[in-house]
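Have a look at the structure below before the remarks.
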Number of protein chains: 2
Amino acid sequence: MRIEILNTGSELLLGNTLNTHGAWFGRELFKLGLRIERQTTVPDGEAIREALSDILSRADAVIVTGGLGPTSDDLTREITAEVLGVELMIDEAAMRSMEAFFALRNKPMAESNRKQALSLVGADVLPNPNGTAPGVYVPPRLNGRSNCAVFLLPGPPRELYPMYHAEVAPRLKALAGLENQNDALELKLTGVGESEVQDGIDAKLAQIPGLEVGYCAHIGEVDVRLIGGDDALSAGRKIVLDRFAPYLVSDDGSSIEKTVVRLLREQNMTLATAESCTGGLISNRITNVPGSSKVFTHGFITYSNEAKRDLLNVSWQDIEMHGAVSEIVARQMAEGALSVSSASISVSVTGIAGPDGGTPEKPVGTLWIGVARLGMETTAFRAFHPRNRKDFKLGASQTALDAVRKNLLGC
Amino acid sequence: MRIEILNTGSELLLGNTLNTHGAWFGRELFKLGLRIERQTTVPDGEAIREALSDILSRADAVIVTGGLGPTSDDLTREITAEVLGVELMIDEAAMRSMEAFFALRNKPMAESNRKQALSLVGADVLPNPNGTAPGVYVPPRLNGRSNCAVFLLPGPPRELYPMYHAEVAPRLKALAGLENQNDALELKLTGVGESEVQDGIDAKLAQIPGLEVGYCAHIGEVDVRLIGGDDALSAGRKIVLDRFAPYLVSDDGSSIEKTVVRLLREQNMTLATAESCTGGLISNRITNVPGSSKVFTHGFITYSNEAKRDLLNVSWQDIEMHGAVSEIVARQMAEGALSVSSASISVSVTGIAGPDGGTPEKPVGTLWIGVARLGMETTAFRAFHPRNRKDFKLGASQTALDAVRKNLLGC
């Protein structure tokens, strides 16, 4: 089944807005075992006509986003009707639902909004509980010009994503004959490289009938995505876990910070952070998780040596003798954070983010991580992320969060 | 001049990698006064053939990214040569430069890398100082099948961006007849809304001959982009500053954190942060700026009330009487950070990130910001960012950084 995405929006081509729809649809369709064959972006207005005509001659289904608003350059409905050779009509249910949307917000409905209730004769109107513009689905049989199913969807993610799940995915599955078939699993691994993961499991996974496999590498993380029926999924899951269980962050796509917050809550523990080179990124990630205030109390960003000494009781002599990026300083930072905060576990990071400050013995990218925990011996280890400043910070925060995860799991 | 972008890469369509090239090229071409008419993404391999043929029949210039690597599905050069009807040849200079690249890194050059030195007969080979794959430029006169200029560029941003600036932008300007014409200015404003900015200056800017104007709104920030000759630019700049000078973060696109670090360095001052609801995001942004270690020494993430009391000497009685999200706590946090750290200025944030914790008097999104400075009276103000958790944190960090900027500028 050949599926194309057509994104409309001048702001996407002027660079004012990053187009995240392509990647989002890619991931969602992959979960159905489907793929995007081509993604196209055109400006608002007339440009959609030529692009849509081209796509209708090639594709089995096209998802068009944007251009359903009330303004004069929102022409997606009108041009689609012309290109397909189908008449437009006002959909009364859509009109009533739009009137209710405005009434609920105590706002008058502008005349220009009326055109948002337009649909194509015989098409399905897709309800939009999160905005004014309903979507439209034109099944292939209605489409006079080709055999292509057409979905017209609103551009804003908060309207688009729920509409996709409620209205589009079930229709795509039906079109592709997938109704009862597939489910998806995303196994997130950390502390192991993409090629090591592939070498370790790819050949075995390939032997499971009906299983589709995808890998996705980020900094400090590899996602293994499995698609298939229940049996294929559980066989695939077993192969991944037999080989890489200690590296598994989550099997539902949850981030490592979410996993760490969950483990802390389950074990009734609290965390403190002592950050030098990551500069607050670890605590920022932790506090992105709703509910993190239950388990995260104190964060120390000790960017200067004086801060390490004054806030965390790191020995000035050890800093002078071993340098701030050293095993002993990482240990003392973690232990200082633990005792000052009264948390039950702490993690420290000290390293050289660059671009300056590297030496032959400690090049840019070098870091030490320490983990201290009540009633356990403090541990520390060296890591190396020779990347640009931001990616170094991201990699270092990933390694530090993983050290906490492993400690909490006792692995 | 009709310009199209063709991105190749299966990872872009599977959703493994976000396609940021479209937005990046949009901004860069806008600086030249040019626009992207269409952007297309196709998988690696053969799919480029059909997409490129379509584009050649429509466009005056096409920029193709990706598919220049050594593997078997990197076919951009080969397919482009076939589609254009031009022969391939090994470029000796490219081969020598690739050999030097590997020699410098003490790595053997694989046989498969040889094909990366392929170019089209008569085309310009575009040097790649940051990777192995050189780019290719096929001028319209060489192109037997259409009148379209073709650029083949590597996919990774660290190779692509420098090559665009050094090799592509000058050629596009020449093709568009723009050699001596335009320059661009990006004025970044904060603390003022997009519609207020537009209402304040748009009519006046429209009267300046030869000036193109673009607006781009982010959370807590509006960018005004001006394109034109020297006279138009300075007239435009004056209009923006006459109205919005106190809101100006930078006139070269620099982020607010970069501006704050620069001002601190210029004034020989140091900063400390005291963060509750932003959870480390402010210090994370500050430490993303190279050289920030000169001006940023101490960060306190006092997520719990106990941490506010123990690390920053906030009065327990005031927390109980006024709540942690209150003017007096924001003031005490800022003053505590200043005195504990010996920094010369400090900023504090305390607020309700949600999704839980809101009340009718203090709904989710409420925050208080404090600024303390040696020898000056501490100030505090209330702000409101009713958004999801991550956007709330971003907006709050933006407002806090802006409060520091304004204090340093005395405005």
Side-chain angles (χ1 to χ4, degrees), chain A residues 12-20 22-28 30 35-43 47 51 54 214 216 273 275 278-284 286-288 290-293 296-304 306-307 310-311 340-342 353-356 389-390 393, chain B residues 11-20 22-28 30 35-43 47 51 54 214 216 273 275 278-284 286-288 290-293 296-304 306-307 310-311 340-341 353-356 389-390 393:
Chain A
L12 302 171
L13 291 172
L14 290 171
N16 296 350
T17 303
L18 190 61
N19 186 350
T20 55
W24 188 83
F25 276 113
R27 283 193 302 272
E28 291 299 326
F30 186 79
R35 283 178 211 286
I36 303 174
E37 294 294 330
R38 196 191 284 199
Q39 177 270 330
T40 306
T41 310
V42 295
D54 292 351
C216 178
T273 54
E275 304 185 58
T278 46
L281 178 55
I282 299 173
S283 48
N284 183 44
I286 290 278
T287 59
N288 281 344
S292 51
S293 61
F296 178 69
T297 59
H298 292 60
F300 301 86
I301 302 161
T302 54
Y303 222 52
S304 67
E306 288 76 9
D310 297 344
L311 302 184
V340 175
S341 69
S342 310
D356 304 319
R389 190 176 176 90
K390 279 193 188 175
K393 289 175 70 179
Chain B
E11 74 284 4
L12 302 171
L13 291 172
L14 289 171
N16 297 350
T17 304
L18 189 61
N19 186 351
T20 56
W24 188 83
F25 276 112
R27 283 194 302 271
E28 291 299 326
F30 185 79
R35 284 178 209 285
I36 303 175
E37 296 292 331
R38 197 190 283 198
Q39 177 270 331
T40 306
T41 309
V42 294
D54 292 350
C216 179
T273 53
E275 304 185 58
T278 46
L281 178 55
I282 299 174
S283 48
N284 184 42
I286 290 278
T287 59
N288 281 344
S292 50
S293 61
F296 177 70
T297 58
H298 292 60
F300 301 86
I301 302 160
T302 55
Y303 223 52
S304 67
E306 289 76 9
D310 297 344
L311 302 184
V340 175
S341 69
D356 304 319
R389 189 176 177 91
K390 278 192 188 177
K393 289 175 69 178

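- A distance of 7.5 Å separates CD in B:Glu306 from NE2 in A:His298, rounded to the nearest 0.5 Å.
- Annotation for B:Pro290 and A:Pro355: closest pair CB-CD, 3.6 Å, computed over non-hydrogen atoms.
- Side-chain contact between A:Thr20 and B:Leu18 is present, with heavy atoms from C-beta onward closer than 4.5 Å.
- With rounding to the nearest 0.5 Å, the separation of CD1 in A:Ile36 from OG1 in B:Thr41 is 9.0 Å.
- Here B:Lys390 is the residue among B:Lys390, B:Glu11, B:Glu28 with the most heavy-atom pairs under 4.5 Å with chain A.
- The heavy-atom pair separating B:Leu13 from A:Glu37 by the smallest distance is CD1-O, 3.9 Å.
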*Under the side chain to side chain contact (heavy atoms under 4.5 Å, CB included) criterion, do A:Phe296 and B:Ser304 qualify, and how do the steps go?*
CA-CA 8 Å; A:Phe296 178 69; B:Ser304 67; over 6 Å; no
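- Contact count versus chain A (heavy atoms, under 4.5 Å) is highest, among B:Gly22, B:Ala307, B:Ala23, B:Gly279, for B:Gly279.
- Ranked by non-hydrogen atom pairs under 4.5 Å with chain A, the options B:Thr40, B:Thr302, B:Thr297, B:Asp356 are led by B:Thr297.
- Interface summary for chain A: among B:Gly291, B:Ala353, B:Ala51, the most heavy-atom pairs under 4.5 angstrom belong to B:Ala51.
- In this structure, B:Ser283 and A:Ile301 approach most closely via the heavy-atom pair OG-CD1, 2.7 Å.
- Considering only heavy atoms from C-beta on, B:Leu14 stays 4.5 Å or farther from A:Arg27 through its side chain.
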inquiry  = Test side chain to side chain contact (heavy atoms under 4.5 Å, CB included) on A:Lys393 and B:Asn284; report intermediate values, then the result.
reply    = CA-CA 9 Å; A:Lys393 289 175 70 179; B:Asn284 184 42; 2.9 Å; yes
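- For A:Phe30, the part lying under 4.5 angstrom from a heavy atom of chain B is the side chain only.
- If you measure heavy-atom distances from B:Leu311 to chain A, the contacts under 4.5 Å come from the side chain alone.
- With a threshold of 4.5 angstrom between heavy atoms, A:Arg38 approaches chain B through its backbone and through its side chain.
- With rounding to the nearest 0.5 Å, the separation of OG in A:Ser341 from CG in B:Asp310 is 9.5 Å.
- Only the backbone of A:Thr278 comes within contact range of chain B, with at least one heavy atom under 4.5 Å from a heavy atom of that chain.
- Annotation: the span from A:Thr287 atom OG1 to B:Glu275 atom CD amounts to 8.5 Å, rounded to 0.5 Å.
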